[in-house]
Number of protein chains: 2
Amino acid sequence: MSLRNTDVPSPRDGDCRMVREILDRIGDKWSLYVIVTLKNGPVRFNELRRQIDGISQRMLTLTLRGLERDGLVTRTMFPSVPVRVDYDLTEVGRTLLAPVMALVAWADDNRDAIQEARLRYDGG
Amino acid sequence: MSLRNTDVPSPRDGDCRMVREILDRIGDKWSLYVIVTLKNGPVRFNELRRQIDGISQRMLTLTLRGLERDGLVTRTMFPSVPVRVDYDLTEVGRTLLAPVMALVAWADDNRDAIQEARLRYDGG
DNA sequence: CCGAATCCTCTTGGATACTG
DNA sequence: CAGTATCCAAGAGGATTCGG
């Protein structure tokens, strides 16, 4: 999987596009929060809303729909009164946790370095 | 407007914010392309522009400035005529390649599954 | 309790033209 | 060649309201 240098803009720069597809999936404002919040099992709608600080009802709904559409999250409705809806990670969704944790580790290791770099850049 | 007063933000919240910081960094439209394109060594401005299909001059500049600010990319100007500017990954920037590749692997493994899930969801 | 619908604001990013 | 500056369209996302 190496990048070509000088060539026609062939459709085979799909390597990057593939990554962008997944980054578009988890790179929005809330998807990652939802995925991580679901890592220990099913959670109800309003419980998700409480645990994810700052998310609006609308965005939680939209985010869950997107994850459900991509087969990363399941939606289970219990027709009780009042209605109860559980959300959970699918098997595929659960496998996403590993790469995400790699990023967590990187962010943890380099947080200070980035912060200092920003101060240095902004300062001089 | 909250019905109950929530006290201190939970400690786990910081974990997510940290990841969001890095996702905000590489999760924009072009940063990842730049990082991957620089993986084999320094590249000049217009060469980056050629290799990253679809990026505008403005966005390449803004993306490079952001990465430079965070200490992930270096900018080296040669005062020749015409001017020549090389961009390269820093040591820190280079360590980011590993977690990114983990995501690449995940995207590769699950691309079809996601595509099928979408068709299923949209179809019925 | 769960969520759809509407409105509105702010950010992102593309197109274009100009500079050293 | 390597930018900077300006204008503008599209979309993300917050606030609010209504419905089952």
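Numbers restart at 1 for each chain; the letters A, B, ... are given by sequence-line order, proteins then strands.
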* Report the nucleotide, chosen from D:dA2, C:dC2, C:dG13, that has the shortest atom-to-atom distance to any side-chain atom of A:N46. => C:dC2
* Single-linkage hydrophobic cluster B:L38~B:F78, side-chain heavy atoms < 4.5 angstrom -> no
* Determine: side-chain N/O of B:R44 to OP1/OP2 of D:dA2, distance under 4.0 Å, yes or no. => yes
* Whole-Å distance separating the CG atom of B:D53 from the C1' atom of C:dG14 -> 14 Å
* Heavy-atom check, side chain of A:L72 versus side chain of A:I26, under 4.5 Å -> no
* In whole angstroms, how far is the P atom of C:dA4 from the CE atom of A:M77? -> 12 Å
* **Touch class at under 4.0 angstrom, heavy-atom based, for B:Y87 against every strand present** => sugar-phosphate
* Which angle, rounded to 10°, do you find between the first-five-pair axis and the last-five-pair axis of the helix from C:dC1-D:dG20 to C:dG20-D:dC1? -> 40°
* For the pair made of CZ in B:F45 and C1' in D:dA2, what is the distance, rounded to whole Å? -> 6 Å
* **Whole-Å gap separating C1' (D:dC1) and CZ (B:R50)** => 10 Å
* Can you hop from B:L62 to B:M77 via hydrophobic side chains spaced under 4.5 Å? -> yes
* Starting at the 5' end of nucleotides 15-20 of chain C, put B wherever the base has a protein heavy atom under 4.0 Å, S where only the sugar-phosphate does, and a dash everywhere else. => B-B---
* Structure fact -> Between CZ of B:R65 and C1' of D:dA5 the distance, given in whole Å, is 14 Å
* With sequence neighbours excluded, residues passing side-chain hydrogen bond (donor to acceptor under 3.5 Å, both in side chains) with B:T95 -> A:W106
* **Residue whose closest nucleotide on DNA chain D lies nearer the 5' end, A:I55 versus B:T61** => B:T61
* Side chains of A:F45 and A:L64: does their closest heavy-atom pair fall under 4.5 Å? -> yes
* Within this structure, what is the CH2-to-P distance between B:W30 and C:dT11, rounded to whole angstrom? -> 22 Å
* Cationic N near anionic O, under 4.0 Å, A:R94 to A:E91 -> no
* Which nucleotide in the set C:dG3, D:dA2, C:dC1 lies at the smallest distance from any side-chain heavy atom of A:R75? -> C:dG3
* Structure fact -> To the nearest angstrom, the OH-P distance between A:Y33 and D:dG13 comes to 12 Å
* Straight-line distance of A:I35 CD1 to A:L96 CG, nearest 0.5 Å -> 4.5 Å
* Asked: Rounded to the nearest Å, what distance is computed from the CG atom of residue A:D86 to the C1' atom of nucleotide C:dG3?
  -> 16 Å
* What do the steps show when you test A:T74 against A:E68 for side chain to side chain contact (heavy atoms under 4.5 Å, CB included), and what is the final call? -> CA-CA 6 Å; A:T74 57; A:E68 191 192 353; over 6 Å; no
* To do: Classify the nucleic acid contact of A:R49 as base, sugar-phosphate or nothing, counting any heavy atom under 4.0 Å across all strands shown.
  => nothing
* **Under-4.0 Å side-chain N/O to phosphate OP1/OP2 contact, B:K29 with C:dG14** => yes
* Asked: Under 3.5 Å, is there a donor-acceptor pair between the side chain of B:S31 and the main chain of B:R25?
  -> yes
* Min side-chain heavy-atom separation B:E47-B:Q51 under 4.5 Å -> yes
